Amino acid sequence: MCKIVDARGRSCPEPVIMTKKALESNSEGVNVIVDTNVAVENITRFAKSKGYDVEVKENNDDFELNIRR
Amino acid sequence: MGSKRKMFIFGGIIGIIAAILMKLGNPGNMGMCIACFWRDIAGALGLHKAGVVQYIRPEIIGIIFGAFSISYLTGDFKVKGGSSPLIRFILGFFLMIGGLVFLGCPLRMILRLANGDLNALVGLMGYIAGIFIGVQFLKKGYSLGKNYDQPKIAGYLFPIFAVVLLIFLVVKPAFILFSTEGPGSMAAPVIISLLAGAIVGICLQRSRICTAGGFRDLILIRDTHFLWGILGIFIFTLIGNLVLNFEKFNFGFTGQPIAHNDFLFNFLGMTLVGLCSILLGGCPIRQTILASQGDTDAGITVIGLIVGAAFAHNFGLAASGNGVPTNGKIAVIIGIVFVLILASSIVLNNVKKVSKDSKGVSANV
């Protein structure tokens, strides 16, 4: 079961910090749920810089980022 | 490189506009300054009585309209709030005190630097020091907590405030104060300032440029994305000034417009600004943009900035070209100590909560 990080409602840069910490303990990948475009952009940029692929799915007002090696 | 180039271009547009606004009448090295402009608005509303800094700056109205409209069209407009509003108000308040002791927000610091004012370099070092301290709190688990959906109308209050300001600016009722001398009397034509503000608001909203975020991301995650925006502002203001305002270009520490050369308090004032910006999740520009796109916590922060500006002038804390008054020095030191205690106590609180939660989970298992 993949680790899910719920970063909804968090102001900048908390979603990125939460993703960073989750990836440190789950280096294969994590799923992150956020609710702003800015968080999607920031996390995607961060994860790609660390060599991960990012797939974004939109559910109603939220976004789920599937971050994988 | 694509995203960095985009940041650089967005920053460049803002930089050129700042140089043009200075050419067209805005005060020296103040083509655009979020702290100074909110302070001028506080004065125009009669919240402080410093007669030389009272004007409803159309740039601010334009920025709000620009950011609101584009966020509405692109789906970024979301009405949220409820993440420690009172703490955000206090941080906004002290941010403004630091800014008015240095004499400018981080944006004006870049503009000052791009016109040769080396006092801004001292301010920049202080700003980075404050950001560095703030990042340590973030690493230790600092958070102001989650925000939540708010009634739709709450998101329109800030743009409505901008409409009211525009009406005051045009109608000029007797209770609205306009400087007849000093920086508050120096201004580019209203229509141009409004349009320039709108373009800047759109650029800032789309790019998400944040002067604090630029340095924070470099320290925290070794990311230079937003720094390219800051670099764009600097380089294009420099070029714009050399072309448009060459006679005003002045390299050095002395004789700089609306600036002083008290090294220690240029440094410490911006340390306070940097620290508060990181704890808020964004500098004054970013807070103004967020407030325009439905973030009611950022709206409270901006009210903190306005009240901070009013107190800064009513209590004689704000600096001037003559230097920093004793009250201002005391206020900056109190501000730094107070904000450090506030952030430490939030970190301690969050750490306790996390360990309590994880104990709860293991007990369930």
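Reminder, nothing fancy here: chain letters follow the sequence lines and each chain counts from 1. Every value quoted in this text rests on a predicted model; they were computed, and no experiment measured them. Heavy atoms only: backbone and side chains are in, while hydrogens, waters and symmetry mates are out.
Highest contact tally toward chain B, considering only A:Ala7, A:Cys12, A:Ser49, A:Pro13, is held by A:Pro13 [criterion: heavy-atom pairs under 4.5 Å].
Heavy-atom distances place no part of B:Ser83 under 4.5 Å from chain A, backbone and side chain included. With a threshold of 4.5 angstrom between heavy atoms, B:Arg222 does not approach chain A through any atom at all. In this structure, the portions of B:Leu220 lying under 4.5 Å from any heavy atom of chain A include both its backbone and its side chain. Interface remark: B:Phe77 contributes no atoms to any contact with chain A (heavy atom separation under 4.5 Å).
At distances below 3.5 Å, not a single donor-acceptor pair connects side-chain atoms of B:Lys146 with backbone N or O atoms of A:Ser11.
In the displayed structure, B:Phe132 atom CZ is contacted under 6.0 Å by at most 12 heavy atoms of other residues, nucleotides or ligands. More than 12 heavy atoms of other residues, nucleotides or ligands sit less than 6.0 Å from atom OH of B:Tyr156.
Atom OG1 of B:Thr74 sits about 7.0 Å away from atom CG of A:Asn37, to the nearest 0.5 Å. In this structure, CG in A:Asn42 is found 8.0 Å from CG in B:Asp223, a value given to the nearest 0.5 Å. With values rounded to the nearest 0.5 angstrom, A:Asp35 atom CG is found 11.5 Å from B:Tyr148 atom OH. If you take NZ on B:Lys139 and NZ on A:Lys20, they are separated by 6.5 Å, rounding to the nearest 0.5 Å.
The minimum heavy-atom distance linking A:Arg10 with B:Ser143 is given by the pair NH1-OG, 3.2 Å.
Using a 4.5 Å heavy-atom cutoff, the side chains of B:Asp76 and A:Thr36 are not in contact.
Judged purely by distance below 3.5 Å, without hydrogens or angles, the side chains of A:Arg45 and B:Ser3 never pair a donor atom with an acceptor atom.
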